[in-house]
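Letters A, B, ... are given to chains in the order of the sequence lines, protein chains preceding strands, and every chain is numbered from 1.
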Amino acid sequence: MADVLLTVRGLEVSYLTADGPVRAVEGVSFDLRRGEVLGLVGESGSGKSTLVRGLLRVLEPPGAITGGDVHFDGIDLLAASEDALRALRWRRISIVPQAALNALNPVLTVGAQIVETLDAHGETSPTRARARAAEVLELVGIDPTHLRSYPHELSGGMRQRVALGLALACGADLVVMDEPTTALDVVVEHELLQRVAALQAQRGFAVLFITHDLLLLDALADRVGVLYSGRLVEIGPADVLARGGRHPYTRGLRAAIPPALGEDRVPVALDGSSPNLRSPPSGCRFHPRCAAADAACRVTETTRRELGPGHLVASHEEAP
Amino acid sequence: MVRAAWWLLRRLGFYAVAAWAALTLNFVLPRMMPGDPATALFGRFKGELTPEAMDALRATFGLTDEPLWRQYLGYLGHVAQGDLGVSLAYFPTPTTEVIGAGMGWTIALAGVAVVVAFVLGTGLGAMAAWRRGGPLDTIGPPITALLSSFPYFWLAMLSVYVLAFRLDWFPVRHAYGLNVVPGWSLEFVGSVASHAILPALTMVVASTGGWMLAMRNVSVGTLGEDYVGYALARGLSSRRILVHYVARNAILPNLTGFGMALGFVVSGALLTEVVFSYPGTGYLLLQAVRSQDYPLMQGLFLAITLAVLGANWLADVATVVLDPRTR
C-alpha cells in the first residue's frame with residue numbers, strides 16, 4: 001500500500017536484566033497510514049511508552065529491541081545508522097513528550113530550544129530561524145514574547161503547547177504523542193486536544209497517540225489499538241471500539257468509565273492488575289482477570305482474528 | 001531579574017556580616033593571647049632599645065591602655081583605611097604592602113592552576129560520562145584515584161627532585177631568576193612563566209581528578225534526564241547535547257565547590273609555595289608563623305577570609321547567570 005507511512009511487524013522490546021530478558025512488548029504489528037490518527041491505549045505497565053521508544057530507537061539501556069521490524073516510509077528504522085536516524089528525527093518523525101517541563105532544557109529559553117531544533121535541520125539563517133520560532137509559538141496560540149521565557153516560567157498547559165509547536169516545527173509526517181495531556185487538568189487537556197485535532201486536520205500529519213484514557217481517543221482517533229501486557233489485544237476503527245470493542249479487556253476498560261449524565265449503569269472496575277512481566281501468565285495473558293476465561297485460555301496462546309474490516313482481536317472468546 | 005539582584009544583594013549583606021565577624025575575631029584573639037608584638041619586637045633587639053622606644057612600638061601596634069571599645073573602633077577605622085599595621089618580619093614595611101606583593105604571585109600561580117584544573121576536570125568529567133564505559137571513563141577514575149592518594153607535598157617534592165633538580169628541566173625555586181630585572185620585559189615574563197610551570201603543573205595534576213570525578217557523577221545523573229533523551233529525538237548534534245544539555249546543567253552543583261576552591265587559593269597554595277620557595281601568601285604565612293609576626297598573620301587571615309567570601313559571592317553571581325531558575 002502506497003499510503004502506508006509506518007509498518008510495525010512482530011516488534012519485540014525487552015529489558016535485559018540479571019535474571020534474563022523481560023519482554024515488555026511482544027509480537028506487536030500494525031500499520032499507520034499517512035494523515036491517520038492511531039490511538040494506542042493501555043494501563044500502566046502495558047508497554048505503551050516502551051513500544052514507542054522502541055520503534056523510534058530512543059530506548060535507554062537496559063531496554064533493547066529483540067525482534068520484529070519497523071519500516072517508516074520504506075526506511076528500515078531498526079537497521080538505520082545513527083546518522084540516518086538523526087536526519088529522520090524531527091524532520092520526518094517528532095514527539096510530543098508526556099511532561100514538557102522535564103523534556104525542555106531548564107537553562108535555555110523556549111526560543112533558543114526552537115531555534116536550535118530548526119538549526120539542526122538545515123535552517124542556517126538565525127534571523128529566519130527566530131522568525132519561524134515565533135510562527136511556531138503563534139501556531140499553538142502562545143504570544144511570541146514567550147520566546148524569551150524559560151520553561152519554568154510557563155504554565156503546564158503552555159509548556160505542553162510549546163512541545164506541540166516544537167513537534168510541528170520541522171513539518172514532520174508522523175507526530176508521536178506520548179500521553180501529552182497526562183499532567184494537565186481536564187479543561188486544559190480538552191483545549192490541547194482540540195488544538196491537536198485542528199492542526200492535524202489542517203496540516204495532515206499522521207499521529208500515533210499514546211494514552212491510558214480510552215474515552216479521549218473516541219473523538220480524536222481514526223483507529224484505536226488496545227495494549228495489554230505488552231501485546232496488542234485489539235485494534236480497529238475508532239467508531240467500532242467506541243461502541244464497546246470486542247476483546248474482554250477492551251470491554252472491561254469501557255465498563256470502568258463512570259457513566260455520563262443520564263446513563264443508567266454502574267461503573268465496574270476490572271479486578272486484579274497488569275501481570276508481572278517477569279513471570280507472565282500461561283496461555284492468554286488476560287485469563288486471570290477475564291470473566292469469560294475457560295480451561296483452554298490457561299493453556300493456549302491467542303491468535304489474532306479479523307472480525308471486520310481492519311478490526312483484529314486476540315481472544316479465545318467466540319462472538320457474543 | 002530584579003529578584004535576582006535582590007538576592008545577590010542579600011547574599012552580599014550576609015557576607016558583609018561574616019566579614020565583620022572575622023574582623024572582630026581578628027581583633028579579639030591577639031588580645032587574649034599571652035605577650036604582644038611590641039614585646040616580641042623589643043626582645044628581638046636584645047636590649048638595644050630604650051623603654052621610650054618600647055612605648056613608641058606599643059603605640060605603633062595600637063596597644064594602648066585605652067578602653068577596649070575605643071581600641072576596637074580605632075582598629076575598625078584603620079582596617080577601613082587599609083592599615084593593618086606594620087610587619088615584624090619585614091619591619092618596617094606595612095603589612096598590606098607585604099601581603100599585596102605576595103597576593104599577586106599567589107593569585108597568578110594558584111588562581112590560574114585552580115581555574116585550569118576546574119576547566120580541564122569538568123570537561124573530562126562530562127566527556128567520561130557521555131561515553132560511559134569508554135576508554136576515558138575506564139582509565140580516568142583509577143589514575144585519578146592514584147594521583148589524588150599521593151600526599152600533595154610528596155608529589156610536589158618528588159617533581160622538584162626529579163624534574164627540576166635531577167633533570168634540570170625547570171628552575172628549582174623562586175618566582176623568577178635572580179639575574180633578571182622585574183618589569184614588563186620579555187625576559188622577565190619568560191622567567192616568571194618558566195618558574196611557574198612546575199608548581200602550577202603539580203597543583204593541576206593533584207586537583208583535576210577531583211573535579212573530573214565530581215563532574216562525571218553529576219553528568220551521569222543529568223544524562224538520565226528527559227530533556228537529554230528529547231534533545232536526541234529532536235536530532236540535535238551530540239556536541240550540542242553534551243555542551244548545552246549535559247555539561248551546562250551538570251556544572252551548576254559544582255559551582256559552589258569551585259567558588260570555595262578559588263577562595264582558598266590564597267591560603268591553599270601554602271604547601272606548593274613552601275616546597276617551591278614561591279614568594280606568595282602561603283610562603284608569607286609560614287614566615288609569619290616562624291618569626292611570630294602577629295600583624296602579618298592577622299593580615300593574612302583577614303585576606304584569606306575576604307578572599308573566600310568574595311569568591312563565594314562570585315560563585316553566587318555565576319549561579320544566577322547560568323541558572324535562570326534562581327532569578
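Using a 4.5 Å cut-off between heavy atoms, A:Leu166 contacts chain B through its side chain alone, with no backbone atom that close. Looking at A:Ala163, both its backbone and its side chain come within 4.5 Å of chain B, counting heavy atoms on both sides. Using a 4.5 Å cut-off between heavy atoms, B:Leu252 contacts chain A through its side chain alone, with no backbone atom that close. With a threshold of 4.5 angstrom between heavy atoms, A:Ser94 does not approach chain B through any atom at all. Proximity to chain B involves both the backbone and the side chain of A:Ile95, based on heavy atoms less than 4.5 angstrom apart.
Put simply, of A:His152, A:Glu153, A:Glu116, the one with the most heavy-atom pairs under 4.5 Å next to chain B is A:Glu116. Note on B:Arg240, B:Glu225, B:Arg325: by heavy-atom pairs under 4.5 Å with chain A, the leading option is B:Arg325. For the options B:Val228, B:Asp323, B:Leu322, B:Leu232, heavy-atom pairs under 4.5 Å to chain A are most numerous at B:Leu232.
When the options A:Arg89, A:Gln113, A:Arg86 are evaluated for a side-chain contact (heavy atoms from CB on, under 4.5 Å) with B:Arg234, the one that passes is A:Gln113.
Here the closest heavy-atom approach between residue A:Ala120 and residue B:Leu236 is recorded as CB-CD2, 3.7 Å. The shortest non-hydrogen separation linking A:Ala103 to B:Tyr230 is O-CD2, 3.0 Å.
The 12-atom threshold is exceeded at CZ of B:Phe150, counting heavy atoms of other residues, nucleotides or ligands nearer than 6.0 Å.
For the pair B:Asp226 (side chain) and A:Leu104 (backbone), a donor-acceptor distance under 3.5 Å is absent.
When side chains are defined from C-beta on, A:Val107 does not count as touching B:His244, because their heavy atoms never get closer than 4.5 Å.
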